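Here the structure is laid out as structure tokens; the discussion comes afterwards.
Computed from a prediction, not measured in an experiment: that's the story for all the values here. Atoms within a ligand are numbered from 1 in the order they appear, just like the ligands themselves.
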Amino acid sequence: MGNRRSFLQKIAALSAGALASAKASATQNTAMQHSGHAAEARQGSGGPVTVETPDVPQLPWQMVNGAKEFHLIAEPVRREITPGKTLDFWGFNGSVPGPTIQVTEGDRVRIIVDNHLPEPTSMHWHGFEIPNYMDGAPGTSQDPIRPGGRFVYEFTLHQNGTFFYHPHQAMQEMFGMIGTFIMHPQQAYRPRVDKDFAIILQEFAVLPNNTVPNSMNMEFNWLTFNGKAGPATTPLIIRLGDRVRLRFMNLGMDHHPIHLHGHTFYVTGSEAGRQPEAGWGPKNTVLVGVAEAVDFEFVANNPGDWMLHCHLPHHMMNQMSSNVGPLTRRPGMPMGVSMENGMGMLDGTPGAPLGDDYGPSLGRGMGVGSADDQRTTNGPLNETEAQRAMSSMQSQVPGMQHGQMEGMEHRKEKLPENANQIPGFPQDAYMEGPMMAMDKMVEKPENYGLRPGWSGFMQGMMTFVRVLQPDMYEKIQAMRAKKLPNERQMPGMEHHHGG
Ligand SMILES: [Cu+2]
């Protein structure tokens, strides 16, 4: 096992891709091999490009006794999934989802799994054609890995495609434990892609004022791409004209229809690997079912900042929950009443469905800064109400952008005379709008040049595919390269690895 310093160097080199070659020469073959992929891609030779996993680190390896050796540590992880919202998960090596593993078809692979959780776990290699005793099914193919224990998995891989790893304990899966496992083909798929990305879809149920997802819930109010909810998701940076592959993996209770704006794509792969070209059909939305992986490809020939998102309406929101008064601001409130009431459904009981009598729930409608039941501010309401709510929100959310209201379109709008007589009004409450903007809080090179206020309209499983003109593309890539020294500090990874 390398020491901490060389480990961190390797990590940094991996994130840097081709730019890392200078640093990598000082470390191990790990970084050289991976950055080699990118170099080959530019030269047009046979190797595939490295898969980028925005917001998730790459797991380094070293060659030990003829195998690529990886080290995964199952452990509790805290992660800020969007500004102001830090949750408790279980993950791997300080990350949720776990770090990305990339190998090549034909490789001998060894993965050391240490269990730093307070209960037994195991590791299942989803879709791998490997010996049964390496399959990671606790109690049936192996003894569970006890707390403090270790299991060493080792196998030779003859498949290629998009795979993932996860414990075979269902509740642990729902608590964050999954990671991307890419098996590259020895020769790149044709036609070659210039960019390759992978995104893991996860969902969590978290009551207001709590940090611990309820893994038994069937309704979810935090939806993530690679462990981040919009607007904290990191956009995919693409040069105009590039051929692009996106790979999605889903481990949750819902299926996610993933939709890309501005382009038509072709589904080229599944969780079982590359699909025959004869079966590729044009689409712009593809359902990524539970336990599935979907690869799709397109030519990024339409410049702009294009939405890439799950199209389930509730999956494009953050922190939905019922307007239940005290629950939204008082920690430790006991769970109450029936499921119907908790979900905000009327059952004939007297009183307001959103009143304090009803218990906590993950029903509908609470946004950042909600307090008591109140008039919403986000639709075409009157100006005074909007400003009142805005100032209370700014006092509750440090760093929330001031002045966002200025000049925004809806200030000029007047509430239609009959608005409050229209059943169902308002529908666009809390969910999105200029009041939610937090551009500064999520500032990063990949967001450079987006339309001011953009972040007020991005939540849940939403990100951008940014198809950029060459000059803008180069500029952002240069900014990303400059930012790397900071990325070397990866909390959680260094601190658990040496032990
Ligand atoms: Cu979805």
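The distance from the Cu ion (ligand 1) to the nearest N/O/S atom of H314 is not under 2.8 Å. With a cut-off of 2.8 Å, the Cu ion (ligand 1) has no N, O or S atom of H255 in range. Metal site remark for the Cu ion (ligand 1): H311 contributes no N, O or S atom at a distance under 2.8 Å.
By the 4.0 Å N-to-carboxylate-O rule, R247 lies close enough to D196 to be salt-bridged with it.
Note on H256: its N/O/S atom closest to the Cu ion (ligand 1) is ND1. For H315, the N, O or S atom closest to the Cu ion (ligand 1) goes by the atom name ND1.
Between H263 and the options N284, L308, N301, a side chain to side chain contact (heavy atoms under 4.5 Å, CB included) holds for only N301.
Classified by interplanar angle (parallel below 30°, tilted 30° to 60°, perpendicular above 60°), the ring pair F70/F181 is tilted. In this pair, W125 and Y153 present their aromatic rings perpendicular. The plane angle is above 60°, beyond the 30 to 60° band.
Of the possible donor and acceptor atoms, none in the side chain of H256 sits under 3.5 Å from a partner among the backbone N and O of C310.
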